[in-house]
Every structure is written in C-alpha cells, then in structure tokens.
Amino acid sequence: MSVHLREPEGLVQVAGVNPLTPHWPRGFAPAGGFTLASGQVIVVRSPEDADRYVPGTGMSAAYRDSGIEAAIASPLRSKGESIGSMICYFDHPREFDEEAVPLAEALSNQAAQAIARVRLEESLRRAAMHDEVTGLPTRRLFEEDVTQTLLLDCPVVAVIFADLDGFKPVNDLLGHPAGDDLLREVGSRLRGVIRERDILGRFGGDEFIIVAAVDHPGDAEALAERVRASIAEPYEGLPAELSITASIGVVTVEYPESQVTIDHLIRAADHAMYDAKLSGGDRVALAELRPREGSSLPGPRELPALDQVLGFQEGTTLTARTR
C-alpha cells in the first residue's frame with residue numbers, strides 16, 4: 001500500500017511502498033494522480049485492465065514487470081476536497097466484489113481524517129511559535145527550521161545577528177505601540193533583503209537573526225551589510241532625533257567540513273554583535289572561529305550525533321573584527 005498527498009510541489013508519496021515505481025512509464029503523472037483528478041475509486045482487476053484507464057502508456061507492462069496483478073485506489077478527501085490518494089496493490093489475481101469500493105472509501109476517509117488532524121495540529125503548533133508582533137518565527141521554531149535547512153548541500157553556512165541601536169528611546173518616548181510598529185517594519189525590511197530559502201527569526205526584544213546558506217564567506221558579509229543599510233533607512237513617523245541603526249555580528253562556517261552546533265554559532269554571532277555595538281553601532285563585526293594552539297576542529301566523521309552537527313568545538317577561540 002502507498003499513500004500520496006497533494007503538496008505545493010505536486011503529488012508526493014508520503015507513506016508505504018509503491019511496487020510500480022521502478023517500472024512506472026517515464027513522463028507519466030505520478031501514481032495516484034488519476035484517482036486524485038477523478039475523485040473516484042479506481043479498480044484495476046488485471047494488468048490489461050490498467051491500460052483501459054490510461055491507454056497507450058504501457059501501464060500493463062509496468063504492472064507485469066512489478067509483479068502486480070491488481071490494485072484499488074481511492075481518493076483521500078478532507079472538507080470536500082481531494083487531498084491525495086491511497087492505493088492497495090495485490091501480487092495475485094483478485095476478484096473485487098460489490099463491497100470493495102465502499103470498503104476502500106471507508107478506509108480512505110478514516111485515513112484522510114487522521115491526516116487532516118495531524119496537519120491541523122502541526123499548523124497550530126507552528127502558529128504558536130511565531131512572534132505576535134512581527135509574525136516571525138520565535139527561537140524555538142527558528143532552530144527547528146535551521147536544522148532542516150542546514151542539512152542541505154551548501155558550501156558555507158552564515159549566521160547574522162542584528163541588535164537595533166536606538167530602540168529603547170523609541171519605547172520610552174513614544175510608547176510600546178510605536179516600538180511594536182518599528183519592530184514590524186524592521187521585520188518587513190529584513191524579509192525584503194534576504195532570499196526565500198534564508199531563515200529569519202526574532203529572538204526577543206530588538207534582536208533579529210538570519211541563517212543563510214552562501215557560496216563564500218564574502219557573500220555573508222555582503223548580506224549583513226545590506227541588512228545594516230536597510231535598517232538604517234529613515235522610518236516614517238519617527239522623529240529625526242530618534243535614529244535607528246543596527247549592530248550586526250556575522251559568523252560563517254564551511255559545511256560539512258567544519259562541525260559546529262547552531263547554538264554555538266548563534267553565540268559566536270552574538271559575541272561579534274556586541275563587539276560592533278561597543279565600537280559605536282551601525283556596523284558589522286565578523287567573528288572568526290580559530291582552533292587554539294595544539295587543537296583542531298574535528299573532521300565530519302568524528303561527530304556521530306545529529307545535535308553536534310554545526311557544533312562550536314571545545315578548543316576554539318573567537319575573535320571579531322568590525323567593518
């Protein structure tokens with residue numbers, strides 16, 4: 001049996017095993033697509049019967065080569081909408097009686113309800129982990145998303161930590177609603193600066209953080225500079241004497257050659273951010289991870305635990321330079 005769900009990228013198999021996959025006609029819609037489109041239970045009583053639904057595709061050959069003699073596919077529906085399909089395969093000849101279709105519909109309805117419930121719970125869980133002011137992910141959700149993103153194949157991972165300069169006077173003089181408006185505007189500007197695959201979050205107060213996969217450390221510096229320039233632009237309704245800029249810390253690490261945890265990378269970027277603030281603010285400070293004398297950063301195979309991936313190693317010192 002296999003379960004296929006409609007996702008933004010198309011129909012995706014999410015569970016089970018589809019024995020037809022190795023022999024599926026090239027260029028043809030994925031398994032379950034016909035059921036999803038028709039919204040009806042499809043009963044295939046023999047390999048030859050498969051050709052009746054999609055003539056000219058060689059579907060019967062796919063069935064024979066896969067050792068499948070029959071199948072029954074049922075659409076998954078939630079709130080009147082088809083969200084996917086469920087397919088049962090049989091490696092022996094099978095007769096489907098008049099109860100086969102109602103039974104398939106009942107099973108698929110139960111599966112669809114369970115899927116809808118899981119999706120709703122996940123949606124509510126993620127919604128609860130977004131900042132109420134800016135709508136950005138909180139630290140917990142941010143780190144979840146980063147864990148997935150950092151598993152992508154990328155040469156360099158960059159962490160950019162930005163702390164607003166001059167935010168406290170806005171709250172003190174204009175009130176917290178004005179401060180919230182300012183934070184929302186900063187969040188909006190940062191969304192406009194980063195790429196779609198980069199991850200942006202609010203860490204509380206007036207701190208924002210970005211994790212980006214880049215090709216070269218210089219790309220991270222350029223992105224941090226764009227962030228700084230964007231935040232430094234004037235804000236509508238803000239008195240001229242209340243200027244807003246940002247102190248920004250940046251750290252980069254080659255992935256997967258270096259092995260450091262995201263938590264320690266964030267701390268390194270935070271450290272560099274304070275260096276930028278102590279140097280007068282409205283600038284970017286670059287953190288450099290260097291092994292202490294007599295020690296080295298371990299190779300990628302020396303750290304088996306997933307929570308150690310991208311981990312700031314013991315025996316590493318941090319220096320920062322501003323620009």
Side-chain angles (χ1 to χ4, degrees), residues 1-127 144-145 147-153 197 304 306 309:
M1 183 184 77
S2 62
V3 177
H4 310 257
L5 293 181
R6 189 201 302 270
E7 302 288 356
E9 62 271 27
L11 194 61
V12 178
Q13 182 178 329
V14 297
V17 176
N18 179 3
L20 297 175
T21 298
H23 307 285
W24 196 252
R26 186 170 297 178
F28 191 67
F34 190 85
T35 306
L36 179 66
S38 67
Q40 298 177 350
V41 175
I42 304 298
V43 179
V44 179
R45 294 176 170 81
S46 67
E48 291 72 24
D49 200 26
D51 285 334
R52 182 167 61 88
Y53 291 103
V54 282
T57 62
M59 192 62 70
S60 59
Y63 269 69
R64 291 193 197 92
D65 293 342
S66 303
I68 299 301
E69 295 292 332
I72 183 167
S74 180
L76 298 172
R77 297 188 186 91
S78 177
K79 298 180 179 179
E81 178 186 359
S82 292
I83 62 171
S85 58
M86 183 172 68
I87 310 173
C88 294
Y89 310 91
F90 302 91
D91 59 4
H92 57 275
R94 181 182 177 92
E95 292 293 332
F96 295 97
D97 58 25
E98 60 184 13
E99 297 297 327
V101 170
L103 179 59
E105 290 176 332
L107 291 174
S108 62
N109 285 339
Q110 290 181 5
Q113 291 175 15
I115 292 168
R117 183 172 64 252
V118 169
R119 283 182 164 180
L120 176 60
E121 290 172 353
E122 175 64 11
S123 176
L124 293 174
R125 186 187 70 84
R126 290 181 67 87
E144 281 188 15
D145 290 344
T147 300
Q148 298 175 15
T149 298
L150 294 185
L151 296 179
L152 298 176
D153 182 22
R197 67 173 178 170
L306 179 59
V309 173

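In what follows, every heavy atom counts, from backbone to side chain, and hydrogens, waters and symmetry copies are set aside. All values reported here derive from a predicted model rather than from experimental measurement.
The backbone N or O of Ser82 lies less than 3.5 Å from a partner atom in the side chain of Arg6, making a donor-acceptor pair.
Side-chain atoms of Ile72 and Ile42, non-hydrogen and from C-beta on, never get closer than 4.5 Å to each other. No side-chain heavy atom of Ile115 sits less than 4.5 Å from a side-chain heavy atom of Val118.
Residues forming a side chain to side chain donor-acceptor pair (under 3.5 Å) with Ser108 (at least two apart in sequence, or on another chain): Ser74. With sequence neighbours excluded, the residues that form a side chain to side chain donor-acceptor pair (under 3.5 Å) with Ser2 are His4, Tyr89. Arg52 is linked by a side chain to side chain donor-acceptor pair (under 3.5 Å) to Asp49, counting only residues two or more places apart in sequence or in another chain. Partners of Ser38 under the side chain to side chain donor-acceptor pair (under 3.5 Å) rule, at least two apart in sequence or in another chain, do not exist in this structure.
Tyr63 and Phe90 have their aromatic ring centers separated by at least 6.0 angstrom.
For residues 97-120, every residue pair satisfying the salt bridge (Lys or Arg N to Asp or Glu O under 4.0 Å) rule, not counting sequence neighbours, is listed here: Glu7-Arg119. Applying the salt bridge (Lys or Arg N to Asp or Glu O under 4.0 Å) test to residues at least two apart or on different chains, the pairs with a partner in residues 56-80 are Glu48-Arg64.
Contact between Ala73 and Thr35 at its shortest, heavy atoms only, is CB-OG1, 3.2 Å.
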Begin from the C-alpha positions of Tyr53 and Met59 and carry the test side-chain contact (heavy atoms from CB on, under 4.5 Å) through to its verdict. CA-CA 9 Å; Tyr53 291 103; Met59 192 62 70; over 6 Å; no

